[in-house]
Amino acid sequence: MSRKPVITVNNLVKSYGDVQAVRGISFEVFEGEIFGLLGPNGAGKTTTLEIIETLREKSSGTITVAGFDVNRDKNQIKQIIGVQLQAAGYYPNLNLSELIHLFSGLYNRKTDVYQLLHSVGLEEKAKAKFKELSGGQKQRFSIATTLINQPQIVFLDEPTTGLDPHARRNLWELIKEVRSKGATVVLTTHYMEEAESLCDRVAIIEKGQIIALDTPSLLIDQLIASGFQRKTVVKEATLEDVFLSLTGHEWRDDA
Ligand code: ATP
């Protein structure tokens, strides 16, 4: 993988009145990687993501996205990024094909609707309304909408929250595919096994500061090298493995 930075965040600070949500964080995201922002509720992940997406104003610091400055070049940045809308942002009575046409119009692009829906396994749902989809299908559709402008960088805020284990694995495969087609992916998650299996590097954020940043494997090795030992004996399988084994194979169309 190339180590060319595509996002550079330098000493980012964001205050909401008296609350300092982001307290001087710096990091780089490299071209072609899946980069994860991890942290507890309220750590400042969404704030950081939305400032990089040019959707929120920062208090101070500098950020460049593909060489563009978030203060000066908002429009150029918006053209090269894909941002996942919250589900509430969709018109519930339009079908998927109509929604894709609508978004394509906003981006002034012509989109092959079938091909796009096929890429997220939803080609058979072209005439279904958004509100008729399962949770996993909704998330897959929302990832499809981030790809309409063929973005260089895709931002996903908690893409698998609330999904069952099958649907989550489905989404992981989809996110890997998005990356394998050349995009850089930046995501937030609360699921550590998701970060471990999906992210090339992760930044752990707590109270608005980065407290660790590396590959999941190196972070784990560092902890073990410090003498850490798990208190409980780990079994060969987890309850999630039981669930997955009982409810079928890992890839399901309805998930
Ligand atoms: P979660 O995992 O719960 O989504 P997060 O890490 O994404 O959390 P943020 O949503 O960035 O955290 O919030 C960071 C802090 O900033 C919190 O204390 C939150 O209450 C505060 N905050 C976020 N948005 C606003 C806002 N628009 N106005 C005031 N305070 C805000």
Side-chain angles (χ1 to χ4, degrees), residues 6-29 33-65 69-71 74 77-78 81-90 135-136 138-143 145-146 151 153-165 167-169 171-172 174-175 178 184-216 219 240:
V6 68
I7 297 173
T8 304
V9 175
N10 232 318
N11 213 5
L12 174 66
V13 173
K14 173 68 179 179
S15 302
Y16 299 104
D18 290 343
V19 179
Q20 212 178 30
V22 179
R23 302 163 181 245
I25 64 174
S26 302
F27 61 94
E28 287 180 327
V29 177
E33 74 176 342
I34 301 179
F35 186 88
L37 292 173
L38 317 182
N41 292 125
K45 304 179 296 295
T46 301
T47 299
T48 302
L49 214 61
E50 293 193 353
I51 292 171
I52 300 171
E53 294 164 352
T54 78
L55 300 178
R56 287 194 208 196
E57 295 291 333
K58 56 186 163 52
S59 303
S60 63
T62 56
I63 300 178
T64 56
V65 179
D69 182 290
V70 287
N71 290 345
K74 284 194 171 51
I77 293 175
K78 281 183 186 144
I81 66 171
V83 175
Q84 205 179 6
L85 282 182
Q86 297 301 313
Y90 297 114
K138 281 184 175 146
Q139 287 290 32
R140 266 155 47 205
F141 180 71
S142 82
I143 290 183
T145 65
T146 70
I153 309 164
V154 175
F155 292 93
L156 306 172
D157 199 357
E158 296 185 26
T160 68
T161 294
L163 301 184
D164 74 46
R168 289 180 51 221
R169 276 160 182 72
L171 260 278
W172 297 354
L174 178 57
I175 293 168
V178 169
T184 303
V185 179
V186 182
L187 58 84
T188 67
T189 182
H190 289 293
Y191 298 114
M192 295 307 125
E193 74 282 19
E194 173 165 300
E196 205 177 324
S197 80
L198 198 54
C199 296
D200 298 305
R201 292 188 309 139
V202 297
I204 301 180
I205 303 189
E206 191 191 38
K207 299 194 180 99
Q209 292 183 311
I210 292 182
I211 53 173
L213 195 167
D214 220 315
T215 64
L219 291 172
E240 181 158 306

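Just so you know, ligand 1 is whichever comes first in the structure, and atom 1 is the first atom listed for that ligand.
Of all protein heavy atoms, the one lying nearest to atom 27 (N) of ligand 1 is Y16 CE2, 3.7 Å.
Between the T188 side chain and the L37 main chain, no donor and acceptor come within less than 3.5 Å of each other.
Contact analysis leaves G17 out of contact with ligand 1, as no non-hydrogen atom separation drops below 4.0 angstrom. Judged by the shortest distance from any of its heavy atoms, K14 lies outside the 4.0 Å radius around the atoms of ligand 1.
Taking any N or O of G39, backbone or side chain, none lies under 3.5 Å from an N or O belonging to ligand 1. Taking distance alone, with nitrogen or oxygen atoms compared against 3.5 Å, T48 stays at or beyond that limit from ligand 1. For G44, a nitrogen or oxygen atom sits less than 3.5 Å from a nitrogen or oxygen atom of ligand 1, counting backbone and side chain alike. Remark: ligand 1 and G42 share an N or O pair separated by less than 3.5 Å (distance only, no angle test).
Applying the ring pair (Phe, Tyr, Trp, His ring centres under 6.0 Å) criterion to Y191, with sequence neighbours excluded, gives no partner residue. With sequence neighbours left out, the side chain to side chain donor-acceptor pair (under 3.5 Å) criterion links T54 to no other residue.
Close contacts between ligand 1 and T47 involve ligand atoms 9 (P), 11 (O), 13 (O) [criterion: under 4.0 Å to a heavy atom].
The protein reaches atom 1 (P) of ligand 1 closely, with a heavy atom under 4.0 angstrom from it. Using a 4.0 Å threshold on non-hydrogen atoms, atom 19 (C) of ligand 1 does not count as touching the protein.
The proximity of E50 to ligand 1, defined as any non-hydrogen pair under 4.0 Å, does not occur for either the backbone or the side chain.
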